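Keep in mind that this is a model prediction, so the values were computed, not measured.
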Amino acid sequence: MLVPSETSTESFDVVLIGAGIMSATLGTMINQLEPTWSIGLFENLDKAGLESSSPWNNAGTGHSALCELNYTAAAADGSVDPAKAIGINEQFQMSRQFFSWAVDNKRVADNSFINPLPHMSFVIGDDHSKYLQTRYEALKPNTLFEELEITNDLDTINEWTPLVAQGRDASQKVAASRVTSGTDVDFGRLTSDLTNSLSAAGASVNYGHKVQNLKRSGAGWELTVKDKASGSVKNVKAKFVFVGAGGGALPLLQKSGIEEIKGFGGFPVSGQFLRCTDETIVNQHNAKVYGQASVGAPPMSVPHLDTRFVDGKRSLMFGPYAGFSMNFLKSTGQLDLPLSLRPHNLIPMLAVGKDNLDLTTYLIKEVLKSRAKKDEALTEYFPGADGSQWELITAGQRVQVIKKDAKKGGVLQFGTEVITSSDGSISGLLGASPGASTATPIMVGLLSRCFPKQFAGWESKLKDMIPSYGQKLNENPALYAEVKAATDKTLGLA
């Protein structure tokens with residue numbers, strides 16, 4: 001008969017749940033802003049960045065709206081509002097500056113986690129070509145998109161990205177836009193490096209530790225944490241808790257009992273990619289090429305043919321092919337969705353199901369799509385593709401946010417949502433795209449909400465990490481040029 005291990009107690013100023021890019025970013029910032037604060041990090045898996053931050057589980061685009069067409073959807077009259085794209089790009093510029101600071105301050109091993117890579121949009125057909133031209137005209141006058149170029153000439157597209165052009169019917173109407181100064185980011189490598197440096201700076205980093213429960217304890221929180229290797233359980237006290245557990249954030253925030261999580265639910269969407277590592281093919285493509293999403297498809301399912309750099313090796317990925325699975329993380333089980341149901345989120349969940357039948361239909365079709373059909377979709381972007389040279393891999397789980405709505409009962413949103421208690425003692429992140437690419441501004445916003453008394457005193461240090469902090473680069477061409485040149489140099493992107 002096993003005798004339960006004796007329960008121990010630890011205390012920290014800050015506890016981070018999950019070792020993804022969000023926790024790594026927040027922990028690094030807090031350590032820089034308040035070096036004397038104690039930090040504890042607890043990760044269920046054996047390493048950092050294995051779920052949504054893993055390079056094979058996310059697009060790694062460095063989302064800056066240069067090529068992702070879902071950020072510039074056409075209005076009913078055909079017009080394109082550039083505001084959302086500008087906002088996304090502004091956020092990624094903050095992330096770039098934080099990356100640069102991390103390199104300069106030895107918070108990461110080197111700058112190999114980021115590589116220069118052109119970002120392209122590619123569309124087929126008259127209507128889509130007209131849309132791309134409208135998008136170009138809306139974005140081009142803006143400082144952050146001044147490098148944007150466009151063409152409907154197949155020979156030019158062949159110069160930009162041969163695999164997309166070669167073998168294509170010359171009579172087919174196509175168009176493409178491009179920004180050559182895009183990037184590819186290995187968020188798994190970045191997350192691992194930041195977490196390692198956090199540990200070296202004195203944080204208690206615990207892998208293989210599952211947070212089973214959390215409850216209020218005075219002005220702070222008490223967590224029940226299980227060491228999966230030994231089976232022992234310990235109590236962990238914290239003044240502040242951040243739940244950066246990806247799809248696992250919703251159940252933990254529900255266990256916290258905070259009012260702010262009521263009415264929220266999650267809709268999990270899984271995905272698959274085709275991956276090619278054949279150098280004779282990989283070396284012919286040097287770009288991220290994004291297309292138009294299918295009708296009813298979620299933004300994370302926008303098709304793209306991407307060059308990827310993972311652990312220094314180059315490969316190609318195409319996809320994603322969306323699917324439905326009830327688990328919230330790759331490492332958890334099918335009971336995640338039903339166990340997340342609560343009386344307060346049941347109506348929003350049902351309302352979203354009723355109002356998103358096109359999404360349901362799309363996911364069913366994706367689940368039933370054969371490998372031959374997947375290969376066929378690949379040839380729309382790479383006409384000469386040979387499916388036998390591509391392997392099918394399973395990508396990460398994305399849990400889209402469902403929230404209550406006064407008019408509709410509930411709405412499904414495809415961005416990220418930061419949930420913070422009224423006293424600022426606990427906060428967590430729900431949602432997906434653009435996610436990792438905008439971790440820096442998301443965490444700065446979280447700090448301002450959760451630590452209002454300290455925040456004003458932190459601003460000078462924040463400006464050390466993010467020189468443009470508090471300013472809009474799109475409205476300040478000179479500052480943008482200065483910041484871009486500096487980060488290009490440090491990150492090896494020039």
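Using modelled atom types, no side-chain atom of Thr191 and backbone atom of Ala48 make a donor-acceptor pair closer than 3.5 Å. Here the side chain of Asn206 pairs a donor or acceptor atom with the backbone of Leu41 at under 3.5 angstrom. Put simply, the side chain of His209 gets close to the backbone of Tyr207: a donor and an acceptor are under 3.5 Å apart.
Between Trp37 and Phe12, the ring centre distance reaches or exceeds 6.0 Å. Checked against the 6.0 Å centroid criterion, the rings of Phe113 and Phe187 do not qualify as a close aromatic pair. Between Phe273 and Phe318, the ring centre distance reaches or exceeds 6.0 Å.
Under the 3.5 Å distance criterion, with hydrogens and angles disregarded, a donor-acceptor pair is assigned to the side chains of Thr487 and Arg96. For the residue pair Ser421 / Glu260, no side-chain donor-acceptor distance below 3.5 Å is found, with atom types taken as modelled. Trp101 and Gln32 form no side-chain donor-acceptor contact under 3.5 Å, judged by distance and modelled atom types alone. Residues Arg107 and Asn31 bring a donor and an acceptor atom of their side chains to less than 3.5 Å of each other. Counting only N and O atoms by type, the side chains of Gln97 and Ser468 include a donor and acceptor under 3.5 Å apart.
Leu447 and Leu26 make their closest contact through CD2-CD1, 3.7 Å (heavy atoms, listed as atom of the first residue, atom of the second, distance). The two residues Thr195 and Ala24 have their closest heavy-atom pair at OG1-CB, 3.8 Å. Contact detail for Gln292 and Tyr381: the closest heavy-atom pair is N-OH, 3.8 Å. The minimum heavy-atom distance between Gly263 and Pro348, with the atom names listed, is O-CG, 3.7 Å.
By the 4.5 Å heavy-atom criterion applied to side chains, Ser340 and Gln254 are counted as neighbours. Side-chain contact check for Leu223 versus Ile17: some heavy-atom pair is nearer than 4.5 Å. A 4.5 Å side-chain heavy-atom check between Cys450 and Leu446 finds at least one atom pair inside the cut-off. No side-chain heavy atom of Ile30 sits under 4.5 Å from any side-chain heavy atom of Phe242. Residues Lys330 and Asn57 meet the side-chain proximity criterion, which asks for heavy atoms closer than 4.5 Å. Taking the side chain as every heavy atom from C-beta outward, Phe264 and Asn345 never approach each other to under 4.5 Å. Two residues are said to be in side-chain contact when any heavy atoms from C-beta on lie closer than 4.5 Å; Gln397 and Glu51 fail this criterion. Residues Asn474 and Glu90 are in side-chain contact: their nearest non-hydrogen atoms beyond the backbone lie under 4.5 Å apart.
We find that Lys234 and Asp227 are not joined by a salt bridge, their nearest charged nitrogen and carboxylate oxygen being 4.0 Å or further apart. Salt bridge present: Arg216 and Asp423 bring a charged side-chain N and a carboxylate O closer than 4.0 Å. The pair Lys288-Asp184 counts as a salt bridge, with a side-chain nitrogen and a carboxylate oxygen less than 4.0 angstrom apart.
At least one test fails for Lys140 against the ring of Phe145: distance under 6.0 Å to the centre or angle within 45° of the axis. Both tests hold for Arg275 against Trp56: distance to the six-membered ring centre under 6.0 Å, angle to the ring axis within 45°.
Annotation: the span from Leu117 atom CG to Arg308 atom CZ amounts to 9.5 Å, rounded to 0.5 Å.
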